[in-house]
Amino acid sequence: MIEIKVAPIRNGTVIDHITAGQALNVLKILGVNEYNIDSTISVLIRVPSKKDGTGGWKDVVKVEDRELDTKTVDKIALIAPNATIVIIRDYSVAEKKKVSLAPRVSGLVRCCNPNCITNMHEPVLPEFDVISKEPPTLRCRYCDRKLSKISDNLI
């Protein structure tokens, strides 16, 4: 058995139990790119998960010196509905919570239908109903188009 070791962070956020293969999309949501990295970021992709004894796989992202706002957590819930957000302060767990996918999503993703009213430069905020949580699938409230490739349409 291979043991994975990642250095602990003093202060920041650990996003655990990310759906396997979604860590890079989480980095995109966090706005991480080569021009704005000013703290340590650890990314674990496809590591063993012991959650619920399933023996499956997960991704993990650790971001030092950053706590996430509600909008960012809501976007993460769209692509990783089983993720856990852990706030670390002075090397200890200060808060821990599961993300939750609301029944209605507003202003976080754009409709994939180019003819939808939300894509016609009208002052209409994109709104979706969640029709499935596993895997996350949304339905536009204006044109009824289903959106399953959510990471490609994040605002």
Side-chain angles (χ1 to χ4, degrees), residues 1-9 11-88 93-114 116 118-119 125-141 145-155:
M1 177 80 162
I2 297 173
E3 188 173 328
I4 300 167
K5 294 194 180 211
V6 178
I9 58 175
N11 296 300
T13 303
V14 177
I15 307 160
D16 197 0
H17 303 290
I18 299 169
T19 306
Q22 291 294 326
L24 298 179
N25 286 324
V26 169
L27 291 177
K28 180 177 158 185
I29 290 168
L30 297 176
V32 173
N33 62 48
E34 65 271 21
Y35 304 110
N36 66 358
I37 299 173
D38 52 2
S39 296
T40 300
I41 298 172
S42 301
V43 180
L44 291 81
I45 297 177
R46 198 165 162 78
V47 296
S49 175
K50 297 176 189 164
K51 185 178 183 180
D52 300 328
T54 59
W57 302 96
K58 67 178 180 178
D59 291 356
V60 180
V61 173
K62 295 171 75 169
V63 184
E64 201 157 21
D65 300 324
R66 182 168 174 190
E67 292 187 18
L68 307 181
D69 60 37
T70 303
K71 186 175 181 178
T72 302
V73 172
D74 289 346
K75 284 184 180 182
I76 291 169
L78 287 168
I79 63 165
N82 297 312
T84 303
I85 307 295
V86 182
I87 305 300
I88 307 295
V93 174
E95 298 174 41
K96 184 175 183 177
K97 64 180 178 181
K98 282 189 58 65
V99 300
S100 62
L101 189 53
R104 181 175 289 170
V105 175
S106 181
L108 300 177
V109 293
R110 68 179 53 87
C111 185
C112 59
N113 177 1
C116 181
T118 62
N119 290 321
L125 195 63
E127 290 188 38
F128 296 85
D129 291 319
V130 176
I131 58 173
S132 171
K133 291 187 178 194
E134 267 312 314
T137 306
L138 309 177
R139 177 180 289 127
C140 178
R141 294 185 57 82
R145 177 78 56 102
K146 285 185 185 177
L147 180 64
S148 55
K149 190 99 169 144
I150 296 169
S151 61
D152 289 347
N153 292 288
L154 291 168
I155 296 175

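Worth saying up front: this structure is predicted, and the values here are computed from it rather than measured.
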Between atom [atom1] of [X] and atom [atom2] of [Y], what is the distance when rounded to the nearest 0.5 Å?
{"X": "Glu67", "Y": "Glu95", "atom1": "CD", "atom2": "CD", "value": "6.5 Å"}
{"X": "Thr137", "Y": "Leu78", "atom1": "OG1", "atom2": "CG", "value": "11.0 Å"}
{"X": "Arg139", "Y": "Ile131", "atom1": "CZ", "atom2": "CD1", "value": "4.0 Å"}
{"X": "Leu125", "Y": "Arg141", "atom1": "CG", "atom2": "CZ", "value": "12.0 Å"}
{"X": "Arg145", "Y": "Cys116", "atom1": "CZ", "atom2": "SG", "value": "9.0 Å"}
{"X": "Thr72", "Y": "Leu108", "atom1": "OG1", "atom2": "CG", "value": "9.5 Å"}

Does [X] reach the side chain of [Y], with side-chain heavy atoms less than 4.5 Å apart?
{"X": "Leu138", "Y": "Asp129", "result": "no"}
{"X": "Val6", "Y": "Val60", "result": "no"}
{"X": "Pro126", "Y": "Ile155", "result": "yes"}

Report task. Could you list the residues that satisfy side-chain hydrogen bond (donor to acceptor under 3.5 Å, both in side chains) with Thr13, not counting sequence neighbours? Result ->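 Partners of Thr13 under the side-chain hydrogen bond (donor to acceptor under 3.5 Å, both in side chains) test: none.
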**Report entry** Asn36, Leu68, Asn25 screened by side-chain contact (heavy atoms from CB on, under 4.5 Å) with Leu30, the one that passes
**Finding:**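 Result: among Asn36, Leu68, Asn25, Leu68 is the only option passing the side-chain contact (heavy atoms from CB on, under 4.5 Å) with Leu30.
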Which heavy atom in [X] sits nearest to a heavy atom in [Y], and how many Å separate them?
{"X": "Val130", "Y": "Ala102", "value": "CG2-O, 3.0 Å"}
{"X": "Glu127", "Y": "Ser106", "value": "CG-OG, 3.6 Å"}
{"X": "Pro114", "Y": "Asn119", "value": "O-CB, 3.8 Å"}
{"X": "Leu147", "Y": "Arg110", "value": "CD2-O, 3.8 Å"}
{"X": "Ala77", "Y": "Ser100", "value": "CB-O, 3.7 Å"}
{"X": "Pro8", "Y": "Lys62", "value": "CA-NZ, 3.8 Å"}

Look at the side chain of [X] and the backbone N and O of [Y], then say whether any donor-acceptor pair between them is shorter than 3.5 Å.
{"X": "Lys28", "Y": "Ser151", "result": "yes"}
{"X": "Lys133", "Y": "Leu101", "result": "yes"}
{"X": "Asp59", "Y": "Gly21", "result": "yes"}

Less than 3.5 Å apart, which donor and acceptor atoms pair up between the side chains of residues 40-47 and the rest of the protein, not counting sequence neighbours?
residue, atom, partner, partner atom, Å
Thr40, OG1, Glu64, OE1, 3.3

Requested in this report: Begin with the C-alpha distance, continue with both residues' side-chain angles, and end with the deciding distance and a verdict on side-chain contact (heavy atoms from CB on, under 4.5 Å) for Thr70 and Val73.
Outcome: CA-CA 5 Å; Thr70 303; Val73 172; 5.7 Å; no
Query raised in the report: NZ of Lys71: more than 12 outside heavy atoms within 6.0 angstrom?
Result: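 Atom NZ in Lys71 is not packed in, count stays at 12 or less.
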